[in-house]
Amino acid sequence: MNIGILLKEGPYNHQAADTAYKFAEAAIKKGHTVDAVFLYNDGVINATNLTDPPQDDRNIAARWSNMAKEHGVEILACIAASKRRGITDDIMIEGGSITGLGTLTDIAIRNDRLLTFGD
Amino acid sequence: MEDNVKKIMHVMRRAPHGSIYTYEGLEMILIMAAYEQDLSIAFIGDGVYALKKNQNTEGISMKGFAKTFMALDGYDVEKLYVDRVSLAERGLTEDDLLVDVELLDSAEIGRRMSEQDVVIHH
């Protein structure tokens, strides 16, 4: 099955970023294709490479970056939501990019499922 | 193209101000409307306040966007569902709303939700 993910919460403050990641990881492991993770609302903060969590904590941004590199999952931050929150190309995680809401619409259309994670 | 038309429901669940969810949700709907999908919006819980007449956001330094819901018609977004109980619980009636909506029971909203290809909550 082809799956798109919409993530609407920032990292650490809310479990959604962890749940979305765990879901994507499990889906890939089961042989499904995770096409893209679209970041919206505070979710765009998942895509900054400026986060520096303590060594003994999970690195949420790095996790997404690795998923993009290893499994070809597109990590896409909404441009309008990013502009509000100071997320730019300059601080984007490797494998991530900024795009528009039209791309989310395409993701919704071309996949079997779009799963939303957020409050 | 027909095969690619998806039923997409947006669910408004929060008061219009106090968080950005409703506003950014509306921005998402306006973009999706350009893609000629089968869009609908369900207003449940505090989400019904988004459509209330006579909102004044001057005192909270926020841009008022209630009137944007009135423009949805022009984008061919005509399926606006409001949960009857949510409205009544807040002391509101259809006359308090800015736009024409379909008042539905929760079970009917749930039924229509189950028919969707995609449900996005805000």
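All chains are named by letter (A, B, ...) in the order of the sequence lines, taking the proteins before the strands, and each is independently numbered beginning at 1. Basis for what follows: all heavy atoms, side chains included, without hydrogens, waters or symmetry-related copies.
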Chemist: For Glu9(A) and Asn46(A), work out which heavy atoms get closest and say how close.
Modeler: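 For Glu9(A) and Asn46(A), the tightest heavy-atom pair comes out as O-ND2, 3.0 Å.
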
Chemist: Could you tell me whether the side chain of Thr22(B) reaches within less than 4.5 Å of the side chain of His122(B), counting heavy atoms only?
Modeler: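 They are not in side-chain contact.
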
Chemist: Side chain, backbone, both or neither: which part of Ile109(A) has a non-hydrogen atom closer than 4.5 Å to chain B?
Modeler: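 Both backbone and side chain of Ile109(A) come within 4.5 Å of chain B.
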
Chemist: Counting only non-hydrogen atoms closer than 4.5 Å, does Asp119(A) touch chain B with its backbone (N, CA, C, O), its side chain (CB onward), both, or neither?
Modeler: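 Backbone plus side chain of Asp119(A), per the 4.5 Å heavy-atom cut-off to chain B.
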
Chemist: May I ask you to say whether Asp105(B) pairs ionically with Arg84(B), meaning some side-chain N is under 4.0 Å from a carboxylate O?
Modeler: yes

Chemist: Pick one of side chain, backbone, both or neither for Arg113(A), based on which atoms fall under 4.5 Å of a heavy atom in chain B.
Modeler: neither

Chemist: At what distance, to the nearest 0.5 angstrom, does CD of Glu27(B) lie from CZ of Phe65(B)?
Modeler: 9.5 Å

